[in-house]
A.B. asks: 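Below is the structure I would like to discuss, written out as structure tokens.
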Protein chains: 2
Amino acid sequence: MFSKACEYGIKATVHICIRSQQHERVSLKNIAEKIDSPIAFTAKILQSLAKNDIINSSKGAKGGYEMSEDNFNKITLLDIVKAIDGDNIYNGCGLGYKNCNAKKPCPMHFQFKSIRDDLKKMLETTTLQELADDINEGTSFLVR
Amino acid sequence: MFSKACEYGIKATVHICIRSQQHERVSLKNIAEKIDSPIAFTAKILQSLAKNDIINSSKGAKGGYEMSEDNFNKITLLDIVKAIDGDNIYNGCGLGYKNCNAKKPCPMHFQFKSIRDDLKKMLETTTLQELADDINEGTSFLVR
DNA sequence: ACAAACTCGGATAAATTTATCCGATATAGA
DNA sequence: TCTATATCGGATAAATTTATCCGAGTTTGT
């Protein structure tokens, strides 16, 4: 469904959000350990999340990544997915046609559209804060 | 969403179904031209569809691919997707965890599950016959 | 029996995604 | 100012997906 880069990006952002709620900055090393991801690859993903203003990064000693409090309930899964995988997964045609629309639909168009719309809606209504809170409450689990 | 191999596989099967409704066998070359796919790559995909009993292949002169009439309304999109991409897209965890379930859910688990279930339901209730009929009626389009 | 028209399947190659390495640069603290 | 600790970012490598090539085998029709 999502690329590995995107999976890592979501996990990382959730972890950063949780720690930022506790006013703690986290290092790349810490993140990669927590979410069990390759460290250097994770660095690239975090860079791109930072460039997209989803997280903030600080260089140097005591540096690391954090999320601004304002962003807790502003950033959604959609922001992350869009930044890493682009919008193809919830906007693109199921058969890969570039010119597929209601006027000239591919055979799967209408069946697919409602699923894509649901997916998009889910992504854009799920905030990082919700995800973090669930984990804090023990309702869901990031680390296995 | 789906791999390119899977997209080609769906398009090819729909085309084969349409021609089989007209009692015509189609060659690899004809299929690849119609669905605008790389011919040799398409051959591999057709081989795997044939091995999964979704289509039948015949070697030699006048050979090619066809679908048995019985299969028109038996084969669904799910059969094709399962044969080519596996079941991960509608069964797998959104964050890639292998041990993600209602008892130990990942942060996206429940939001995702309903979408995956919808996707699976759509795939397993859409038959090749329906797709072919829509095209025959001019309601949808395979060739652009 | 032979030739033409096909698919099969193994070996490669190209493209993309995932992953690693490392020097450059920035920051905190002694 | 110096050192330890971080991220940044460019180069490279490994793995996977996509795509190509071609000889072998099969079938039809002559």
Side-chain angles (χ1 to χ4, degrees), chain A residues 1-13 15-16 19-20 24-67 81 83-86 88-89 92 95-96, chain B residues 1-13 15-16 19 24-33 35-67 81 83-86 88-89 92 95-96:
Chain A
M1 193 98 182
F2 303 118
S3 68
K4 282 208 167 193
C6 194
E7 289 177 6
Y8 296 148
I10 293 170
K11 292 180 191 175
T13 310
H15 177 59
I16 293 166
R19 291 318 242 10
S20 289
E24 299 242 354
R25 200 179 266 170
V26 272
S27 68
L28 168 63
K29 187 158 168 273
N30 175 281
I31 294 169
E33 274 166 10
K34 276 286 174 190
I35 71 173
D36 190 31
S37 64
I39 185 160
F41 189 46
T42 307
K44 306 289 187 197
I45 296 161
L46 292 171
Q47 278 172 43
S48 118
L49 290 173
K51 274 184 188 148
N52 283 275
D53 297 315
I54 290 166
I55 57 175
N56 304 115
S57 69
S58 323
K59 286 186 174 183
K62 305 268 173 184
Y65 303 89
E66 69 202 328
M67 180 177 251
V81 171
I84 299 176
D85 279 354
N88 206 270
I89 197 173
L95 294 181
Chain B
M1 194 97 181
F2 304 118
S3 68
K4 283 208 168 196
C6 194
E7 289 177 6
Y8 296 148
I10 293 171
K11 291 179 193 177
T13 310
H15 177 59
I16 293 166
R19 291 318 241 12
E24 300 242 352
R25 202 179 263 169
V26 272
S27 69
L28 168 62
K29 187 158 168 273
N30 175 280
I31 294 169
E33 274 166 11
I35 70 174
D36 190 32
S37 64
I39 185 162
F41 189 45
T42 307
K44 307 291 188 196
I45 297 162
L46 292 172
Q47 278 172 42
S48 118
L49 290 173
K51 274 182 189 151
N52 283 275
D53 297 315
I54 291 167
I55 57 175
N56 304 116
S57 69
S58 323
K59 286 184 174 182
K62 303 266 174 183
Y65 303 89
E66 70 202 327
M67 181 177 250
V81 171
I84 300 177
D85 278 353
N88 206 270
I89 198 174
L95 293 182

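Throughout, protein chains are lettered first and strands after them, A, B, ... in sequence-line order, and every chain is numbered starting at 1. Every heavy atom of this structure was used, including side-chain atoms; hydrogens, water molecules and symmetry mates were not.
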A.B. asks: Tell me which residues in residues 37-55 of chain B lie within less than 4.0 Å of DNA chain C, going by non-hydrogen atoms.
C.D. replies: B/Lys44, B/Gln47, B/Lys51

A.B. asks: Could I get the full list of salt bridge (Lys or Arg N to Asp or Glu O under 4.0 Å) partners for B/Arg19, not counting sequence neighbours?
C.D. replies: none

A.B. asks: How many angstroms lie between CG in B/Leu28 and CD in B/Glu33, if you round to the nearest 0.5 Å?
C.D. replies: 9.5 Å

A.B. asks: In degrees, rounded to 10°, what is the bend between the two ends of the helix from C/dA1-D/dT30 to C/dA30-D/dT1, using five pairs at each?
C.D. replies: 0°

A.B. asks: Working to the nearest 0.5 angstrom, can you tell me the gap between B/Tyr8 OH and B/Ile84 CD1?
C.D. replies: 12.0 Å

A.B. asks: With rounding to the nearest 0.5 angstrom, report the CD1 to CD1 distance, A/Ile31 to A/Ile16.
C.D. replies: 4.0 Å

A.B. asks: Working note: A/His15 + A/Asn30, criterion side-chain contact (heavy atoms from CB on, under 4.5 Å); need CA distance, chi angles, decisive distance, verdict.
C.D. replies: CA-CA 10 Å; A/His15 177 59; A/Asn30 175 281; 2.8 Å; yes

A.B. asks: Do B/Glu66 and B/Ser58 make a side-chain contact, defined as non-hydrogen atoms from C-beta onward lying under 4.5 Å apart?
C.D. replies: yes

A.B. asks: Do the side chain of B/Asp85 and the main chain of B/Ser3 share a donor and acceptor less than 3.5 angstrom apart?
C.D. replies: yes

A.B. asks: Using a cut-off of 4.0 Å between protein heavy atoms and nucleotide atoms, how would you tag nucleotides 1-6 of chain C 5' to 3' with B, S and -?
C.D. replies: ----BB

A.B. asks: Give me the first and last nucleotide of DNA chain D, going 5' to 3', that has any atom under 4.0 Å from a heavy atom of chain B.
C.D. replies: D/dT18 to D/dT28

A.B. asks: In terms of side-chain geometry, is the basic nitrogen of A/Glu7 or A/Lys11 positioned less than 4.0 Å from the acidic oxygen of its partner?
C.D. replies: no

A.B. asks: Without placing hydrogens or testing angles, list every side-chain donor-acceptor pair under 3.5 Å for residues 39-54 of chain B, not counting sequence neighbours.
C.D. replies:
residue : atom : partner : partner atom : Å
B/Thr42 : OG1  : B/Ser37 : OG           : 2.6
B/Thr42 : OG1  : B/Pro38 : O            : 2.6
B/Asn52 : ND2  : B/Ser48 : O            : 2.7

